[in-house]
Asker: 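Supplied in structure tokens, the structure appears directly below.
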Amino acid sequence: MRFSKAFIPTTKEAPSDAVLASHIFLARAGFTSQVAAGLYNYLPLGKRVLKKIENVINEEMTKVGAQEVDLSFVTPADLWEESGRIEKFGKELLRFRDRKDNLFVLGPTHEEMMVSLVRNRVTSYKQLPLNLYQVKTKFRDEARPRFGLMRGREFVMKDGYSFHATDEDLNREFEMMEASYKRILERLGLDFRVVEADSGAIGGSGSKELMVIADSGEDTIAICESCEYGANVEAAERSDRQEIPEAPEGDFNKFQTPDVKSIGNLANFFKVDPYYTMKCVAKRMMYEDGDQVVLFFLRGDDELQEVKAVNAAEALEIADVSEEELTALGLVPGFMGPLEMETVPCVFDSSLKGGKDLICGANEEDYHYVGVDMSVLDEGLFADLYTAKEGDGCPHCSSKLLYTKGIEVGHIFKLGTTYSKPLKAEFLNEKGQAEPFIMGTYGMGVSRLIAATIEQHHDEKGCIWTKETAPYMVNVMVSNIKDAEQLAFGEALYKELQDAGVEVILDDRKERFGFKMKDAELIGFPYTVIVGKELEHGNVQIVERATLEKRAVFADKAFTEIMDRLS
RNA sequence: CGGGGCGUAGCUCAGUAUGGUUAGAGUACCUGGUUUGGGACCAGGGGGUCGAAGGUUCGAGUCCUUUCGCCCCGACCA
């Protein structure tokens, strides 16, 4: 490609509404342009990067025997009724009617379509397993799209679906896909972590997220400093506490605790470690058929993890409750405790199981109980409710957990029969009995990967593309095109590289040196060959974008030098 | 959906408080000239229904009403 003919509109200034580095640089360097909230155009450079990532995905999918399909973007609303997700997805589904007044939905993900494609076509266990995927534009009418390509309404996702006869086979496929996804991210040159994720209300026996490590990530993940363990903070676990603070002494008793409402005050008041206090968090839990206030009890030094709370209470959603509402329910904010609590359901954090010497609210203004023994509540509902903190022990190796931020670029999921059952997608097993498919689903945000790559690989000058993501590997820059010698050399090198199959661009624009260098750095070609005034001494320079290292080489060695660096 | 901010040239923004020539700057673009190793310089030029609609007024970018769009924080989010 000749730069002089290319559609690469770079700008000196960033669009005023861009916040993230990836958004700013992708816009400034002419990769993308915004159309409306969450909608973006891909310009030639952006499209090239998109294709590069797709190619890597396609190659890796082919290696593991997944087959590419392309399902229709517009999907009949009937399918969504059938699976029940038309309600669940709510306003995120963009709905519209055709000329015959039939209702359609722009595909936000394709479980329904894929199941409907496979059901009645795959009918025997002998045809399993089957893994189908596509790389396609998705549409979700997000309440708040943001951060450029990071969270668009229209975005490109690779979504794959596998069908199995047994759980064992799903597990095998799941592990294979995890390995395959790791290879993809490694090839793309990304620093990432595979973490345990919330399986959520969808159920299934597990899911993992692939997180690209970046400060601008929207997810907080807990990772172990020494082993491979990592988890989204929504799902992070921890080892049992190593050092238990000294227990307070005292028999069961009721104490007057005037105006002692917070855990901090309570611990101070009794001079005990907050570990021995019981924290009560009231939440409104939403269910299909109404809502219900639920009390969650944790140790005083723990915080409630709302996703875990939703799972424990088997609710759909969670919301805050005001003190007025609590009072109306006969509860005493600041002094709520689990003893003789009959009006409102309670859930206890697992770390309270078997706990002794605890202090908790007495459900009476200005009174707490001390010396509480949890064994009296053994029948209660216990579940993990805590938020794993930085510094907590890793559940696998007991080393320290660290917090970091991640960009979720992939999510793989053991679905089980969540979709095959309601959609009645069945096959006949060896005994001739009908069974629903056991499914897995594997998503990867392709457009988000572009943003994630730049979030992780940029400097103050612009983008730094990696080998597998660069729109062009080499930029042959003719410093002054009016210099016939420079131009001729540049043209020759350009052709030579092109003939060798290198993705190369020739900067033959009638611009000054500085202008072209700024563009090269902004766009982020891995290598720029400067063909300039050093040519009269028989030299050109090769600049490596990642390090900005500039090295002179003999002009007649430029080609082999570049080829060496690319290999 | 709650809170906040912003819509003026392709882009970044001034001008709006206190209404009053033909609406400005920088940058980008076009022409000519000079320049050619870090976003050059000189001269000339094109480009605007001031987000939209309605209203007040002799007169509205500026005041009033309505509305649309975009961004940020939060809620939400395979």
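Letters A, B, ... are given to chains in the order of the sequence lines, protein chains preceding strands, and every chain is numbered from 1.
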Asker: Does Trp465(A) have its ring centroid less than 6.0 Å away from the ring centroid of Phe31(A)?
Answerer: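 So the answer is yes for these two rings.
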
Asker: So Glu408(A), base contact, sugar-phosphate only, or nothing? Heavy-atom distance under 4.0 Å.
Answerer: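 Base contact - Glu408(A) has a heavy atom under 4.0 Å of at least one base atom.
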
Asker: Just checking Lys158(A): base, sugar-phosphate only, or nothing, at a heavy-atom cut-off of under 4.0 Å?
Answerer: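 No contact.
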
Asker: On a whole-Å scale, what distance lies between the C1' atoms belonging to G15(B) and G48(B)?
Answerer: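 So the two C1' atoms sit 14 Å from each other.
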
Asker: When all nucleic acid strands are considered with a 4.0 Å heavy-atom cut-off, which category describes Glu306(A): base, sugar-phosphate, or nothing?
Answerer: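 If one applies the 4.0 Å heavy-atom cut-off, Glu306(A) turns out to touch nothing in the nucleic acid.
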
Asker: Does G32(B) have a Watson-Crick or wobble partner in any strand here, with both distances under 3.5 angstrom, and which is it?
Answerer: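 Base partner found: C42(B).
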
Asker: Counting heavy atoms from C-beta on, name the nucleotide in A78(B), G39(B), C71(B) closest to the side chain of Thr10(A).
Answerer: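 The answer is G39(B), which lies nearest to the side chain.
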
Asker: With the criterion being N/O to N/O and under 3.5 Å, what pairs connect the protein with nucleotides 3-12 of chain B, and how long is each?
Answerer:
from: U12(B); atom 1: OP1; to: Ser16(A); atom 2: N; distance (Å): 2.8
from: U12(B); atom 1: OP1; to: Ser16(A); atom 2: OG; distance (Å): 3.4
from: U12(B); atom 1: O4'; to: Glu13(A); atom 2: OE1; distance (Å): 3.3
from: U12(B); atom 1: O2'; to: Glu13(A); atom 2: OE2; distance (Å): 3.0

Asker: Find the distance Arg146(A):CZ to G69(B):P and express it as a whole number of Å.
Answerer: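 Nearest whole value for this atom pair: 19 Å.
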
Asker: Could you check how far NZ of Lys12(A) sits from C1' of C29(B), rounded to whole Å?
Answerer: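 Taking NZ of Lys12(A) and C1' of C29(B), I get 14 Å after rounding.
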
Asker: Give a yes or no on whether Asp191(A) atom CG has more than 12 heavy-atom contacts from other residues, nucleotides or ligands under 6.0 Å away.
Answerer: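 Yes.
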
Asker: Using a cut-off of 4.0 Å on non-hydrogen atoms, how would the nucleic acid contact of Ala37(A) be classed: base, sugar-phosphate, or nothing?
Answerer: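 The answer is sugar-phosphate, as Ala37(A) gets under 4.0 Å only of primed atoms, P, OP1 or OP2.
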
Asker: Can you find an N or O donor on one side and an acceptor on the other, under 3.5 Å apart, linking the side chain of Arg144(A) with the base of C72(B)?
Answerer: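 A donor-acceptor contact between them is absent.
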
Asker: Among G37(B), C77(B), A78(B), which nucleotide has an atom closest to any side-chain atom of Glu142(A)?
Answerer: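 Nearest to the side chain of Glu142(A) among the choices is C77(B).
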
Asker: Between U35(B) atom P and Asp483(A) atom CG, what is the distance in whole Å?
Answerer: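 Those two atoms, CG and P, are 15 Å apart.
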
Asker: Taking NZ from Lys510(A) and C1' from A40(B), how many angstroms apart are they, rounded to a whole number?
Answerer: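 Lys510(A) atom NZ is separated from A40(B) atom C1' by 12 Å.
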
Asker: Base, sugar-phosphate, or nothing: which does Tyr442(A) touch, judged by heavy atoms less than 4.0 Å apart?
Answerer: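 Tyr442(A): no heavy atom of the nucleic acid under 4.0 Å.
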
Asker: Describe the nucleic acid contact of Lys482(A) in one word from base, sugar-phosphate, nothing, applying a heavy-atom distance below 4.0 Å.
Answerer: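 It contacts base atoms.
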
Asker: Taking the C1' atom of each, how far is G61(B) from A52(B), in whole Å?
Answerer: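 Rounded to whole Å, the distance is 14 Å.
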
Asker: According to the 5.5 Å centroid and 30° plane-angle thresholds, does Phe513(A) stack upon the nucleobase of G37(B)?
Answerer: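 The ring of Phe513(A) is stacked on G37(B).
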
Asker: Assign Gly443(A) to base, sugar-phosphate, or nothing according to its heavy-atom contacts below 4.0 angstrom with the strands shown.
Answerer: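 The residue Gly443(A) makes no contact with any strand.
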
Asker: Provide, to the nearest angstrom, the distance between the CD atom belonging to Glu534(A) and the C1' atom belonging to U36(B).
Answerer: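 Those two atoms, CD and C1', are 15 Å apart.
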
Asker: Return the set of residues passing salt bridge (Lys or Arg N to Asp or Glu O under 4.0 Å) with Asp519(A) (not counting sequence neighbours), or none when no residue passes.
Answerer: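 Asp519(A) satisfies salt bridge (Lys or Arg N to Asp or Glu O under 4.0 Å) with Arg509(A) once adjacent residues are dropped.
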
Asker: For the atom pair CG (Leu295(A)) and CG (Leu326(A)), what is the distance rounded to the nearest 0.5 Å?
Answerer: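 Leu295(A) atom CG to Leu326(A) atom CG measures 7.5 Å (nearest 0.5 Å).
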
Asker: Which label fits Phe25(A) and His458(A): parallel for a plane angle under 30°, tilted from 30 to 60°, or perpendicular past 60°?
Answerer: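 Geometry flag for His458(A) against Phe25(A): tilted rings.
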
Asker: Which nucleotide sits closest to the side chain of Leu522(A): G39(B), A78(B), C77(B)?
Answerer: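 So the nucleotide nearest the side chain must be G39(B).
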
Asker: Could you tell me whether the phosphate oxygens of U36(B), OP1 or OP2, come under 4.0 Å of any side-chain nitrogen or oxygen in Gln486(A)?
Answerer: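 Looking at the OP1 and OP2 atoms of U36(B), neither is under 4.0 Å from any side-chain N or O of Gln486(A).
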
Asker: Using a 4.0 Å heavy-atom cut-off, does Ala36(A) contact any base of the nucleic acid, only the sugar-phosphate backbone, or nothing at all?
Answerer: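 Since only primed, P, OP1 and OP2 atoms lie under 4.0 Å of Ala36(A), the category is sugar-phosphate.
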
Asker: Taking atom types as they are modelled, would you say the side chain of Glu521(A) forms a donor-acceptor pair with the base of G38(B) within the 3.5 Å cutoff?
Answerer: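 Present.
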
Asker: Distance check needed: C71(B) C1' versus Leu39(A) CG, whole Å only.
Answerer: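 Going from Leu39(A) (CG) to C71(B) (C1'), I get 15 Å.
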
